[in-house]
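Okay, so here's the structure we're looking at.
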Amino acid sequence: ALDWLKEAADAGLADAQYELASILISDIGEALRYLQMAAENGHLFAASDFGIAISWGLNGGNPATGLKWVQHSAALGDVDAAAFLSVYYLLNGENFDSETGLNWLAKASDLGDSFSSRVLGDLYLSGDLVEQSESKALTLFELAVEQGDDSATVSADLVCTFSNDPTIQERCDLRLD
């Protein structure tokens with residue numbers, strides 16, 4: 001089966017290249033070769049995985065080239081790539097860029113990542129890196145709940161409990177109905 005998979009990968013089938021890269025992970029050079037082939041053949045997740053790997057410098061990879069692959073994948077809708085980029089720009093002291101990081105965090109939220117929605121809500125609630133807004137925070141916490149993060153309910157409830165804004169209170173009363 002491995003021979004067939006290698007044959008299919010060498011013939012240019014992106015899915016086979018991606019699967020072979022996953023199998024060959026113990027041989028990082030060979031795994032990266034197949035990930036790159038799959039990425040070049042349009043495999044969305046391979047582009048992200050390849051980009052992340054070389055952005056970390058694996059196998060002598062070029063971080064700038066890696067980021068381009070991850071950005072490409074995120075721009076095409078890969079939520080994990082968008083989330084990775086938000087962390088890269090917001091938490092990587094050497095490459096800290098709040099505007100870019102927040103843009104990728106919002107993109108990951110828009111793509112359905114509940115954790116990104118909740119983190120963005122936390123930022124709006126605290127006013128860290130963005131202008132403080134209880135309304136935006138509440139909206140993002142509610143979105144996170146819709147996206148499957150039940151713990152964001154606690155955050156939304158806290159906004160409802162402690163906000164003095166009548167508009168927020170009105171929204172919260174509607175939530176209870």
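Heavy atoms only: backbone and side chains are in, while hydrogens, waters and symmetry mates are out.
- Scanning all heavy atoms of the two residues, the minimum distance from Val79 to Ala108 falls at CG2-O, 3.6 Å.
- Across all non-hydrogen atoms, the minimal contact from Leu32 to Leu58 is CD1-O, 3.9 Å.
- Across all their heavy atoms, Glu134 and Ser163 have their closest contact at OE1-OG, 2.5 Å.
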request  = Give the intermediate values and the outcome of side-chain contact (heavy atoms from CB on, under 4.5 Å) for residues Ser117 and Asp149.
outcome  = CA-CA 9 Å; Ser117 298; Asp149 184 350; over 6 Å; no
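- Of the possible polar contacts, none joining the Gln17 side chain to the Leu35 backbone as a donor-acceptor pair under 3.5 Å is found.
- Hydrophobic clustering, with ILVMFWY side chains joined whenever heavy atoms are under 4.5 angstrom apart, keeps Leu67 apart from Leu102.
- For Leu138 against Cys172, the heavy-atom pair with the smallest separation is CD2-SG, 4.0 Å.
- Remark: the backbone N or O of Ser116 is not paired with any side-chain donor or acceptor of Gln147 at under 3.5 angstrom.
- Connection of Ile168 to Phe141 is established within a shared hydrophobic cluster, with ILVMFWY side chains joined at heavy-atom distances below 4.5 Å, either directly or through further cluster members.
- Distance check: Ser86 OG to Leu91 CG gives 7.5 Å after rounding to the nearest 0.5 Å.
- The main-chain N or O of Tyr18 is found under 3.5 Å from a side-chain atom of Ser22 such that the two form a donor-acceptor pair.
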Between Glu146 and Leu143, is the side-chain contact (heavy atoms from CB on, under 4.5 Å) condition met? List the steps. CA-CA 5 Å; Glu146 288 174 24; Leu143 177 61; 4.2 Å; yes
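- Within the model, atoms CD of Glu170 and CG of Asp165 stand 10.0 Å from one another, a figure rounded to the nearest 0.5 Å.
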(request) Just do the side-chain contact (heavy atoms from CB on, under 4.5 Å) check on Leu105 and Leu123 with the steps written out, would you? (result) CA-CA 11 Å; Leu105 191 62; Leu123 292 174; 3.9 Å; yes
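- With 3.5 Å as the limit, one finds no donor-acceptor pair spanning the side chains of Asn103 and Tyr89.
- In the hydrophobic clustering of this structure, Phe45 groups with Ile54; members are Ile, Leu, Val, Met, Phe, Trp, Tyr whose side-chain heavy atoms approach within less than 4.5 Å, directly or through other members.
- Atom CD in Gln71 sits 12.0 Å away from atom CG in Leu76 (nearest 0.5 Å).
- Looking at Leu140 and Ser109, their side chains come closer than 4.5 Å, going by heavy atoms from C-beta outward.
- Closest approach of Ala47 and His72 over heavy atoms only: CB-CD2, 4.5 Å.
- How far OG1 of Thr153 is from CG of Leu158: 11.0 Å, rounded to the nearest 0.5 Å.
- Nearest approach of Tyr34 to Ala9, heavy atoms of both residues: CE2-CB, 3.5 Å.
- Checked by atom type and distance alone, the side chain of Ser73 never pairs as donor or acceptor with a backbone atom of Val70 at under 3.5 Å.
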Between Trp69 and Glu40, does the side-chain contact (heavy atoms from CB on, under 4.5 Å) criterion hold? Intermediate values first, please. CA-CA 10 Å; Trp69 278 107; Glu40 289 171 348; 3.8 Å; yes
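- Using cut-offs of 30° and 60° on the angle between ring planes, the pair Phe84 and Trp56 is perpendicular.
- Tyr88 and Ile52 end up in the same hydrophobic cluster when Ile, Leu, Val, Met, Phe, Trp and Tyr side chains are linked at under 4.5 Å.
- Rounded to the nearest 0.5 Å, atoms CZ (Phe96) and CG (Leu129) are 5.0 Å apart.
- For Glu7, the CD atom sits in a loose shell: 12 or fewer heavy atoms of surrounding residues, nucleotides or ligands are nearer than 6.0 Å.
- Taking CG of Leu20 as the start and CZ of Arg33 as the end, the distance is 8.5 Å to the nearest 0.5 Å.
- Put simply, Leu5 and Leu13 are part of two different groups of oily side chains (I, L, V, M, F, W, Y) that touch within less than 4.5 Å, one to the next.
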